[in-house]
> 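If you scroll down you'll find the structure; I have some questions about it.
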Amino acid sequence: MKNNCVFCAIAAGEIPSFKIYEDDLVLAYLDINPFSKGHTLVIPKAHTKGLLDTDNAVLADVIAKVKKVAAHVALTIGCDGFNILQNNGDAAGQTVRHVHFHIIPRWNGDPLTFENKKGDMDELAALAEKIRM
Ligand code: AMP
Ligand code: ZN
């Protein structure tokens, strides 16, 4: 696996993902252990570990895509708001060392639990079908 990195493998199509959006530089797909319904990850296809080793030009492109995907996810699943989360390092809970942004849909009054819950693969497949751009 390139860079020994699961997100590089997803970007290369070597392992499957519930894809929402793709262009030349960026990929977005559902988190398989979602914090909430529609939890989506946005990555640059080029491998870097985190925020600090990623070029500003790449970050500018990725955050523009985060905005575009978040707007679409929010509209499609009908959430009331969303969090953007980007973890760096063990202390921050980063488990995958390929820079990524979380889009976490929220509903008015929902309990804020930033905890992974094992996703149901059939539900995720159906949701990705619905949200795909
Ligand atoms: P972080 O804690 O910021 O490193 O987040 C990594 C996220 O990647 C977690 O929420 C995982 O559930 C998610 N994740 C890990 N492997 C996969 C995968 N193969 N497809 C989709 N999401 C994944
Ligand atoms: Zn990678």
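Residues take their numbers from the sequence shown, with the count starting at 1. Atom set for the values below is all heavy atoms of this structure, side chains included, hydrogens, waters and symmetry mates excluded. Atoms within a ligand are numbered from 1 in the order they appear, just like the ligands themselves.
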> So, do His100 and His102 have ring centers that fall under 6.0 Å from each other?
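For His100 and His102, the ring centres are under 6.0 Å apart.
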
> Closest to the Zn ion (ligand 2), which N/O/S atom of His47 is it?
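Going by distance to the Zn ion (ligand 2), the closest N, O or S atom in His47 is ND1.
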
> Please find out if less than 6.0 Å separates the ring center of Phe114 from that of Phe35.
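Here the rings of Phe35 and Phe114 have centres that are less than 6.0 Å from each other.
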
> Round to 10° and report the angle made at the Zn ion (ligand 2) by ND1 of His98 and SG of Cys8.
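Vertex at the Zn ion (ligand 2): approximately 110°.
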
> Mind listing the closest non-hydrogen atom pair of Ala128 and Ile20 along with its distance?
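Closest approach of Ala128 to Ile20, heavy atoms only: CA-CD1, 4.0 Å.
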
> Heavy atoms, side chains only, cut-off 4.5 Å: are Ile43 and His98 in contact?
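With C-beta onward as the side chain, the pair touches.
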
> Are Tyr21 and Ile131 packed together at the side-chain level, in the sense that at least one heavy-atom pair is separated by less than 4.5 angstrom?
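With C-beta onward as the side chain, the pair stays apart.
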
> Which distance, rounded to the nearest 0.5 Å, do you find between the CD of Gln86 and the CD1 of Ile63?
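Here the interatomic distance stands at 8.5 Å.
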
> Under 4.5 Å between any side-chain heavy atoms of Lys19 and Leu27, yes or no?
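When only atoms from C-beta onward are counted, Leu27 and Lys19 do touch, with a gap below 4.5 Å.
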
> Collect the protein residues that have a non-hydrogen atom under 4.0 Å from ligand 1 and hand them over in chain and number order.
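Correct list: Phe7, Ile10, Tyr29, Leu30, Asp31, Ile32, Asn33, Leu41, Asn87, Gly93, Gln94, Thr95, Val96, His100, His102, Asn116.
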
